[in-house]
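Report on the structure given below.
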Amino acid sequence: MAEVTEEKMKWGMAIDLDVCTGCNACVTACAMENNIPFTGEDESGYGRGLHWIRIQRYWHGDYPEIKPDYSPMLCQQCGNAPCEPVCPVFAAVHSEEEQINLQVYNRCIGTRYCANNCPYLSRVFNWFDYEIPEPMAYYLNPSVTVRRRGVMEKCTFCVQRIHAGQEQAKAEGRPVQDGDIVPACAQACPTDAIIFGDLSDPQSRVSQMARSQRSFRQLEELGTEPRVIYLKGGGQYGG
Amino acid sequence: MDKVIALTKRPAFRIGVGLVLLVLLAGAGGGLYLTQTPPPQPIQFPHNLHVGIGAQCQYCHPGVAWGPTAGLPSISKCWGCHQQVQKKSPELEKLAAYVSRNEAVPWVPVAIQPDFVHFNHRPHVAAGVACESCHGDISKMTVAEPQPRQNMGWCLDCHKTMAPENFTRLSDCSICHY
Amino acid sequence: MAAEVKPYQRVYKQSEAEEEDPRQHLMLDPRPREEMNHMVMEAMTTTSRRYWIIVGALAVAVAVLLFGAWGNMIFTGMGMAGIRRPVFWGVFIVTFVFWIGISHAGTFVSAILRVFKAEFRRPFTRAAELMTTFGLAAGALYPLIHLGRVWVFYWMIPYPNSRWLWPNFRSALVWDFLAITTYLLSSTIYLYLPLIPDVAMARDRSTGWRHTLYKLLALGFRGTEAEWTRIRKAINIFAFAIIPVMFSVHTIVSWDFASTKVVGWQSTIFGPYFIIGAILSGVSAVITILFVLRYTLKNMDYFIREEHFDALGLLVLIFSMAWAYFFYNEYLLHWYGGGTVLKQLLTLHASGPSAWVWYLMLACNVAVPWLTLWNKKLRRTPWAIFIVSILINVGMYAERYTIIPLTLGHQRFPFDWGEYTPRLTEISIALGTLCLFVLLYLLASRLIPLIPVWEVQEGQESHRLRKVGKTQVPSVSELE
Amino acid sequence: MTQKYTRREFIKLSGLTAAAAAVLTGCGPASRYVVRRPYTDMPEYQQTGLSTYFATTCRECPAGCGLIVRTHEGRAIKVEGNPAHPVNRGKVCSRGLTAVQGLYNPDRITGPLQNGSEISWDQAVAQVSEALKADPQGVAFFLGLAPDHLFDLVSELTAALGAPPPVRYGAYGMFDARRTLTEAAKLTFGVPSMPFFDLGESDFILSFGANFLETWVSPLAYARGLSQMRRGKNNARGRLVVIEPRQSVTSGTADLWLAPAPGTEALVAAALANLVAARLGLSLPDDLASVDPKEAAAAAGIAFEKLQEVAAGFASARAPLALPGGSALAHANGLAAARAVLVLNALVKNLGRPGGVFLTPADPAASSFADVQDLVARMNAGKIHTLFIHGVNPVFELPAALGFAAALKKVPQVVSFASFPDETAALSTLVLPDHTLLESWGYQRTLAGADREAYSAAQPVVVPLHNTRAAADVLLSAARQLPTLAAALPYADEVEFLQARLLPLLESRKGFYDAPEILTFWSQWLQYGGWWPQRAGLEAPIVAELYAAAAPLTPPAPLASGELHFYTYPTQLGDGSGANRPWLQETPDPMTTVMWNSWVEIHPETAAKLGIHDDDVVKIVSASGEIEAVAYLYPAIRPDTVAVPFGQGHSALGRYAEGRGANPAALLPLSVNESGDLSFGDTRVSVQPTGQRRPLSRMENRHGVYDHAE
């Protein structure tokens, strides 16, 4: 069977803050897909929850003109990622092929340097081995490694789904199409605020959204080249 | 302190230390040896015989063609042939017993990767890699035997020599680790 | 207040008194060679019951506080420490930087003062070099302690392996790892070289296991002219060579921070700022140690005198001023040039919930030395300068605490700010390494001559009192 | 004969497998029993190492969303939305996602229990059959809110038995005041239907307390509608205005949030109706016309200019739409409020138009709170000898003042079908655990979330984990032992009942697939996850009695000194049954980012007046009871109102739920409005500090989140 030659992908995500309601379905979806352990009340309250995506909620204005401002924050899969050069053992490493930042759990030795250097604070650490009582461990996703104590982890853009999608397309002898690959957060998002796709394809939905006049990137001034594009909310539509 | 030095000079002490070291070494060596020996299987399945009569690997392990896992044959597949074949050997009687009890044979997987390695048979088979390249010369084995030194360098070496033009992709960490 | 100016006369009187008795200078108070050898040997071999009780207690403390807590943390998880998101580095790295800072003492006092031929260094170079080695030994544990998976620490070492993987030479942590191992190695050699003549001396005056040990360590040193020439040359080469290593180590430690994207860490001044801080804390720690040695080890009041505290006190004052200069420089430019986040951060340092740490740092590093150390009488009062030296190290610890957890806790997203509280495990480990340091020092004090007898004698031989007109003037002759 | 329907047994051979994105795999031969089969003997649709996907229906709330569940080697791995399903179109909320944590919850009831000791299913069925034999008037059924197959079966059973019809109620119905809404629909349109609101095609949504992004009626369907509305046609972004006393996710997302005093929503709606009618030159019924907009705005504490602005926007929008939500309706004047809101829709003539209001197909009406009160009265009077409870946890969900727990003690035989050891199961004499949603068969009429009539299919995706049995099967087996019932319920098992009920759908030929007979229909039904017509289409309401006399529009009594309005609302924990899902607990609340606990929302000004600080434990006292919870200084709530989320405060339900937070049901009164719904919105409380402090587990930083410089 002829294997289809693939072009270099640049996976990207667009988050439309105008339709993001802050409902947190993405947070739960991510946890259920990626075998993220739960930590309990005390630990999560002490900043040790392992949420790969979290929704930052700021308050703007004063009562009665007050309004929450939601901003889902996850690994931005930087093109020029601050976490990568600081890892002494190449556990945080760039994927040349998929153009995302990888975290290789079995290589990680747990210096937590990458987490300090991530301006988006999107990395979380396994402070303990988290107990999942039987039979709850049955739902663990076999496509995602269960991390042990002492390793860093973060959003992977659901790389297991990326590989599964590519594998499926390859097996069927066709190129990967826009919408074939959907990470768990985008799949769950009730308002379709999260769009995932190939930024190198100008026709993809995510590329079209990235060209919107409302688009911006978080902490762009740092030169990290984030692959997550935010679209301004609050009805600020460009002309 | 002087007493301690004197103690170290006594032959009994030195022999004792030597023995402890020997035991540790033997333990380590034995452990290593155990990881390289085939685990006990419920049936001493003769791969060599089946390959010898011309059975194709994929007949019993069809999963390689479409997915990550090769899969193991069900008793119905075994029995499909073996009810026609004479069953004199004690191993075949074991199979017959499983069939009569309608019980699956509790095969022990041999070629397994650690949890953090995601291996997929399909692309390897599609790329024309022969089963023997990784699983050894099955035609000379009875039960499947683990292959030594199948480490990351071994994977990378093959990726590099077999498909140098694709090595960027084939050496991407996320190809196996996620 | 200590700042109160005493009547001028008294100060004058004192300096007059000093002139009256030149023998208060160690260099001008020579004793016969054999007597001095005997004094050092006696100090080394005398152990009391109290000494063994302390050693025993410290050994237990190291086993429980350091290795017990660490072992428990390895088996349970890093969560035993108080670190959290966003403060991923806490007391471990603070204490690491602290010990690396302490380790600058030996090199500075020994190598730099040796190179510049500062004569007052002679009796305590060994004490300072030991601090370097043991401070590094304590500090070098932390890169291991703070690893989430310490059992695979060797992945940081470059060695050929089946994974086709090397360490990431772009990472400041790998530089750090290499710099610290280099420094540990070179400072150990630098400790060892000047030790050879003293060990040889001890070999000739001891029996039993000590004799065996010293025979081994002395490498057959007999004191011939050729041997002396070579050892002097080797020491000289090492004294020059270790200075850049020392500068590089703390610069690289500062690069762990300065080369990141963390607001408040990105600063080009961090290298020299860290070095000055390290020398400040190191020299202060030398004062602390000398005080303890003087009052606990036999015959030490002969070797360690008020003049040494005086000289080191001046050094501390100078480095405190230099530290203040760097601090001011960094703060001012951050304040003026920094963005919103940096300003928020500086405000929080000075007025946030942990602002006391920041004020403690300024008080101990600036106010205390400036208000006290200008006073010669105070400098020559051992207990007073001992307290000042301890306070400075408290201040330097507070400085590192401000730089690491207090800065990490307030980064670019106010939503994710987090307060960090050290937990029992990390406090216990930090205390454990202090016990380890003291324990190593105590054991070493009975194993190797803490006073470089040959250096002191060499100094005494080169010093003469000469009469110039009516006054006696000390003069130094060059030996090399 | 009966073909066997197989799932692979779980074996530990994990780690070397990758998923394939094969959506909507067929489900093998049509059959009804799930059995364990060994790992090497796999059904032909299952490949080793590849995942299999099954379509089923979510029953975490009564909305009835379609799910696709990924299974791997016989384990349910991940819940995903069914992209074809008309309600949720492939989307899924936090609650649905954690369904697997319900299935694999370590605290499940593993087999039938009688007074705490294990019994066999035969004994259990005998007991049930015994109970059905006794006086039929003394048999009562209390079911959850979902209009599902079990409700149909029980209705058939009670009809055949001559027992009173089942009571169908739950916390969602209480908080949404659903009966009030259907009553208002009856009053206005002549049909007691749960209206469907077409948010997607609208361009101006005016919501009166409808928290449709979190819990109201069908949150996923309405969230999708909001997304369509916001993205608009030709970039014409629609606007959302929400009127409710406390900012919820919905009002947080809104373009304008107005906070009326609780109980004055009816006045505000009437005022807006007046302003809109004036703009459009229409007249209003007298009772609404008599409301003076200025006075109403003053009573509600809203600037009159804001009301004018909203009225102008509403009147001039292309497709305006007004939603009557629970917090506006759960007052003594709730029916008037609901009617005023429906009148607003009628004024702008959006009935039956895209972006307007539609009637949903005749749906068996849920009970009202008054019906539950009636049931409790009968229990207390000793008239009930057997009470069956399924899909609801009344001891936890209903106001404590109702005394349901005490009334249970007066019932000799209480049969609970709970899967989890909840508060009601603890007080039951017989606990017959039902399968969880991922292990069971069924169907559900989808509730007001779809633009068409839809039946959602449920099928087991894994072998039942424990010794549980479907409630329908238990009832059918019990009924079979009684000659009278056996004839009326001639079904061998649950699947046969389902197929019998699906036959009319097949015969209607309206579905998007067709089949010659029921077994073919059944396999497609399972494969697609339900049945619905190809095209959207709902009945347009006709304004029957717009000008008829309506419920009185009495404004609420003013607050006494020291009194505060009390507000409670369901969160992602839903009716409280989600509290045993650790990841639902660990998912931060969207507005407060609090995890694993409940909190009291107090406006910072009010807190300062009362001497309450962030994270202080406070005591809330109402006429009905008191609770203690931790204060959260919430800047987006009326200063005269405090709010406590519903769902925590369990005394049972397993390790993740027990002893966590407080249950605001203890504070709720028993007063009902004209349609028989609990008017919990009229609760008044006083708040006192206790002097204790207990920091809430939250994701946000307590200082950093207010108006930071960007």
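Values reported hereafter were calculated over all heavy atoms of this structure, with side chains retained and with hydrogens, waters and symmetry mates removed. The shown structure was predicted, so the numbers you read here are calculated from the model rather than taken from an experiment. Naming: A, B, ... by sequence-line order, numbering from 1 per chain.
Using a 4.5 Å cut-off on side-chain heavy atoms (C-beta onward), A/D178 and A/D180 make no contact. Side chains of A/Q77 and A/K154 form a contact here, defined as non-hydrogen atoms less than 4.5 Å apart. The side-chain heavy atoms of A/M13 and A/R227, taken from C-beta on, include no pair separated by under 4.5 Å.
Of all the listed residues (B/C176, B/S174, B/C173), the one sharing the greatest number of non-hydrogen pairs under 4.5 Å with chain A is B/S174. Contact tally against chain B (heavy-atom pairs below 4.5 Å) for A/V93, A/N34, A/V159, A/T145: the top residue is A/T145. Chain B forms more heavy-atom pairs under 4.5 Å with one residue of A/V104, A/N106, A/L102 than with any other, namely A/N106.
Both the backbone and the side chain of A/E167 come within contact range of chain B, each with at least one heavy atom under 4.5 Å from a heavy atom of that chain. Looking at A/S95, both its backbone and its side chain come within 4.5 Å of chain B, counting heavy atoms on both sides.
Taking the six-membered ring where tryptophan is involved, the planes of B/H177 and B/F116 are tilted, since the angle between them lies from 30° to 60°.
Contacts classified as side-chain hydrogen bond (donor to acceptor under 3.5 Å, both in side chains) and involving residues 135-145 of chain B (residues at least two apart or in different chains) are given here: B/D137-B/S139, B/D137-B/K140.
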